Amino acid sequence: MLEPGHPAVLVAVDRHVGVTVSAADGAEVVIESDLSPRGARLRRGAAGLVADADDAPRVLGRLGHVVSAIDVVDGLLAERGRRAPPIRVSVTSRLHRDGTKFGLGSSGAVTVATVTAVAAYYGMELSPDARFRLALLATARRDPRSSGGDLAASVWGGWVAYRAPDRAAVLALARRGGLEHALREPWPGFSVRRLPPPRGLALEVGWTGEPASTASLTGRLETGQWRGSTAQREFVRRSDACVEAAIRALERGDDDELLHRIRGARRMLADLDGAVRLGIFTPVLTALCDVAEGVGGAAKPSGAGGGDCGIAFLEAAEASRVSRLRERWAAAGVLPLPIHIQPTKGSPA
């Protein structure tokens, strides 16, 4: 999914982020968040929002996605001939526990929610496609490797087939022609479409309690001899074939084939882990997958890998299997997360 134009299947879950925007006194931008209790006070400069030098590392670390989202909406407002007013942005999240993320796409959800709330406060009506594009631009400014899949799930909900745009090309579009131009032009590699859910499978999510950074793990793939190698091209080819087969299985309602493809995805990730030594399969994540297989399901790491969470699919009609899975996960140190699929939010363009 990290490579432009390559397919992925995304599922949105009902762990939410709340963002409220109100008028601010005494500062141009005030951010309050349970992700960073101290919050932040920023001023608007020629290059965007600026924090005090002593506070900048903390603000751009813990609150960087919020700052970037406000920046990009401010930029669109300026292109439309208006000056951004002083604002207070308050963020609450159900995608972490005591500041430790679950690996469910929290940064993407925060970015989309901030873009949506700030634009609404400014009186700008944005289509789902425009909200996604602004959120992707905000994210790519911070990390061009980010696929934007978590953003697409947050914007459209439900099950979607997604192909990531070429982030370098997207950023170049915005630099050359401005944000309005980037919202209108076709994005190389990008597509998103609705998928039906599995007919008779339950999705279970388990959290390992070991947070991991997607950017850190993927950054290690850019070094050494992996990037551009025959092994890398073969992994991408096999992964694309597996995802495309999973998409067809969902469209046909073939649950057995979907389980087969989930198992195949796990094997491919294990092969990658063995070849590149990324540390995707921690002992707890391996146990998470083994337990699911042991009760007749299929599972794979999700999130960043190397921590975070994993997903499992089981026959929904057999409640006893789900109960056994959760009990055995708990015994293995995996926290079953009580989540449901987020309803769809309109059709992708």
Side-chain angles (χ1 to χ4, degrees), residues 1-6 8 10 17 19 21 29 31 42 44-51 59-61 63-84 87 89 91 105-156 160 162-192 214-215 218 345 348-349:
M1 189 172 70
L2 293 166
E3 299 292 334
H6 291 269
L10 311 175
V17 168
V19 176
V21 182
V29 175
I31 301 174
L42 304 102
R44 292 182 169 106
L49 292 174
V50 180
V59 171
L60 297 180
L63 299 174
H65 293 284
V66 180
V67 173
S68 190
I70 298 169
D71 253 339
V72 79
V73 181
D74 279 2
L76 182 61
L77 190 71
E79 287 187 18
R80 295 181 178 181
R82 294 172 53 197
R83 182 175 180 178
I87 56 173
V89 178
V91 182
S106 57
S107 58
V110 167
T111 303
V112 169
T114 302
V115 165
T116 302
V118 173
Y121 184 79
Y122 292 165
M124 294 194 294
E125 292 188 13
L126 299 176
S127 68
D129 183 70
R131 287 191 288 120
F132 168 79
R133 288 176 179 240
L134 287 173
L136 192 284
L137 286 164
T139 301
R141 288 176 178 180
R142 286 177 48 80
D143 180 13
R145 292 186 302 249
S146 179
S147 70
D150 50 359
L151 308 174
S154 295
V155 169
W156 284 291
V160 294
Y162 174 75
R163 293 176 185 266
D166 183 326
R167 277 77 79 194
V170 165
L171 290 170
L173 269 178
R175 282 195 300 270
R176 289 195 305 267
L179 293 168
E180 292 276 20
H181 177 70
L183 295 184
R184 293 192 305 267
E185 289 297 302
W187 280 11
F190 170 60
S191 71
V192 58
T214 302
T218 56
K345 306 175 185 177

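In this text the structure is predicted, and so the values were computed from the model without any measurement. Residue numbers start at 1 and run along the sequence shown.
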What side-chain donor-acceptor pairs closer than 3.5 Å can you find for residues 170-181, not counting sequence neighbours?
unit_1 : atom_1 : unit_2 : atom_2 : d
E180   : OE2    : R80    : NE     : 2.6
E180   : OE2    : R80    : NH2    : 3.4

*Under the ring pair (Phe, Tyr, Trp, His ring centres under 6.0 Å) rule, what pairs show up with a residue in residues 124-151, not counting sequence neighbours?*
F132-W156, F132-F190
Using atom types as modelled, flag every donor-acceptor pair under 3.5 Å from a side chain in residues 114-122 to any protein atom, sequence neighbours excluded.
unit_1 : atom_1 : unit_2 : atom_2 : d
T114   : OG1    : V110   : O      : 2.7
T116   : OG1    : V112   : O      : 2.8
T116   : OG1    : R131   : NH1    : 3.4
Y121   : OH     : A23    : N      : 3.3
Y122   : OH     : R44    : NH2    : 3.1
Y122   : OH     : D74    : OD1    : 2.6

*asked:* Working note: T111 + S68, criterion side chain to side chain contact (heavy atoms under 4.5 Å, CB included); need CA distance, chi angles, decisive distance, verdict.
replied: CA-CA 8 Å; T111 303; S68 190; over 6 Å; no
*Test side chain to side chain contact (heavy atoms under 4.5 Å, CB included) applied to A169 - qualifying residues, sequence neighbours left out*: D166, P188
*For R184 and A182, indicate whether the former's side chain and the latter's backbone hold a donor-acceptor pair under 3.5 Å.*
no
*Could you check T139, L134, L10 and say which one makes a side-chain contact (heavy atoms from CB on, under 4.5 Å) with L151?*
T139
*Minimum heavy-atom distance L77-M124, with the two atoms named*: CD1-SD, 4.0 Å
_Shortest non-hydrogen contact from A109 toward S154_ = CA-OG, 3.5 Å
*Please name the pair of heavy atoms, one in A113 and one in V17, separated by the smallest distance, quoted to 0.1 Å.*
CB-CG1, 4.0 Å
*Carefully, step by step, assess L42 and I70 under the rule side chain to side chain contact (heavy atoms under 4.5 Å, CB included).*
CA-CA 11 Å; L42 304 102; I70 298 169; over 6 Å; no
_A side-chain contact here means heavy atoms from C-beta on lying under 4.5 Å apart; do L76 and L183 qualify?_
yes
_Partners passing side chain to side chain contact (heavy atoms under 4.5 Å, CB included) against S191 (at least two apart in sequence or in another chain)_ = R163
_Interatomic distance, S127 atom OG to E125 atom CD [nearest 0.5 angstrom]_ = 10.5 Å
*Contact summary for H65 and S107, nearest pair of heavy atoms*: NE2-CB, 3.2 Å
